[in-house]
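Quick one: structure below, then a few questions.
In what follows, every chain begins at residue 1, and chains take the letters A, B, ... in the order their sequences are listed.
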Amino acid sequence: DTEVTQTPKHLVMGMTNKKSLKCEQHMGHRAMYWYKQKAKKPPELMFVYSYEKLSINESVPSRFSPECPNSSLLNLHLHALQPEDSALYLCASSQVWEGIPEAFFGQGTRLTVV
Amino acid sequence: SQQGEEDPQALSIQEGENATMNCSYKTSINNLQWYRQNSGRGLVHLILIRSNEREKHSGRLRVTLDTSKKSSSLLITASRAADTASYFCAVRGSQGNLIFGKGTKLSVKP
């Protein structure tokens with residue numbers, strides 16, 4: 001199984017809503033990532049989890065709250081978002097070991113904040 | 001930023017032609033990867049080239065790496081309409097995360 005599964009595929013939320021994005025992989029990868037991608041731009045790193053511990057938070061606003069409940073799951077909790085947070089949110093996973101650096105991406109959640 | 005520009009930003013060709021995309025980076029690397037992204041979807045790993053390699057082939061893909069110029073190129077031969085996508089080069093950051101170039105949007109017309 002070389003899949004990273006993200007749910008939901010699409011999400012429309014109001015600025016006062018609370019929602020969560022979910023990501024799951026069963027490849028035994030111990031590094032998991034959230035990226036944000038705006039239209040016509042490359043993905044930008046938001047968070048890195050390594051062995052279920054947050055190792056990078058790229059100065060992301062606190063209205064985005066990541067969680068890694070176990071080695072297979074990664075969540076992104078959303079609260080009080082702004083319209084400019086509308087984007088494609090991508091989850092990825094990889095081996096921690098540099099020898100196998102390939103990352104596997106989910107299909108993304110297309111988020112629209114209204 | 002560890003990444004430089006990719007060029008061209010957009011490329012439009014006819015089916016059967018070859019497509020060449022270039023990527024530059026700024027730091028020393030152990031490897032460089034190329035990813036493909038269909039419109040609004042996830043990224044798919046295409047090919048990886050290690051810093052001690054100069055050229056690598058995979059099917060219709062050919063990647064070159066010039067570490068002295070800190071640049072790489074991706075060549076897609078005999079392109080097909082299904083190759084229409086955005087292509088990104090990426091290097092690995094200190095925490096294993098990927099740092100992407102700005103990407104080339106390839107359009108292959110049937």
Inset, instruction - Give, for atom CZ of Arg110(A) and atom CZ of Arg41(B), the distance between the pair rounded to the nearest 0.5 Å. - result: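 One gets 11.0 Å once the value is rounded to the nearest 0.5 Å.
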
Legend entry - Joint cluster assignment, Leu43(B) & Val48(A), ILVMFWY side-chain distance < 4.5 Å: yes

Inset, instruction - Report, as yes or no, whether the 6.0 Å neighbourhood of atom NZ on Lys38(A) holds more than 12 heavy atoms from other residues, nucleotides or ligands. - result: yes

Inset, instruction - Count the heavy-atom pairs under 4.5 Å between each of Ala103(A), Ser50(A), Cys91(A), Ala31(A) and chain B, then report the option with the highest count. - result: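 Going by pairs under 4.5 Å, I would pick Ala103(A).
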
Inset, instruction - Find out whether Glu102(A) and Leu46(B) are in side-chain contact, i.e. whether some heavy atom of one side chain is under 4.5 Å from a heavy atom of the other. - result: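 Not in contact.
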
Inset, instruction - Answer yes or no: does atom NZ of Lys56(B) have more than 12 heavy-atom neighbours from other residues, nucleotides or ligands under 6.0 Å? - result: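 Correct, the count exceeds 12.
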
Inset, instruction - Using a cut-off of 6.0 Å, state whether more than 12 heavy atoms not belonging to Arg54(B) lie near its atom CZ. - result: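 Count over threshold, so yes.
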
Inset, instruction - Identify the heavy atoms of Gly101(B) and Pro42(A) that sit nearest to each other, and give their distance. - result: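 Looks like O-CB, 3.1 Å.
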
Inset, instruction - Specify which of Ala39(A), Gly108(A), Pro43(A), Ala92(A) makes the most heavy-atom pairs with chain B at under 4.5 Å. - result: Pro43(A)

Legend entry - Glu24(A) atom CD: more than 12 heavy-atom contacts under 6.0 Å: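 Yes, enclosed.
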
Inset, instruction - Mind checking the CZ-CG spacing from Phe105(A) to Leu98(B)? Nearest 0.5 Å is all I need. - result: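 So the CZ of Phe105(A) and the CG of Leu98(B) are separated by 5.5 Å.
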
Legend entry - Validation row: Arg92(B), Ser94(A) side chains within 4.5 angstrom (heavy atoms):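 Arg92(B) reaches Ser94(A) side chain to side chain.
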
Inset, instruction - Can you establish whether the number of heavy atoms outside Lys70(B) located under 6.0 Å from its atom NZ is more than 12? - result: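 For Lys70(B), atom NZ is crowded (more than 12 foreign heavy atoms under 6.0 Å).
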
Inset, instruction - Would you check if Tyr35(A) and Asn97(B) make a side-chain contact, meaning some heavy-atom pair closer than 4.5 Å? - result: yes

Legend entry - Cluster link Leu74(A) to Leu88(A), ILVMFWY, side chain under 4.5 Å: no

Inset, instruction - Report yes if the side chains of Gln37(A) and Gln37(B) come closer than 4.5 Å at any heavy-atom pair, otherwise no. - result: yes

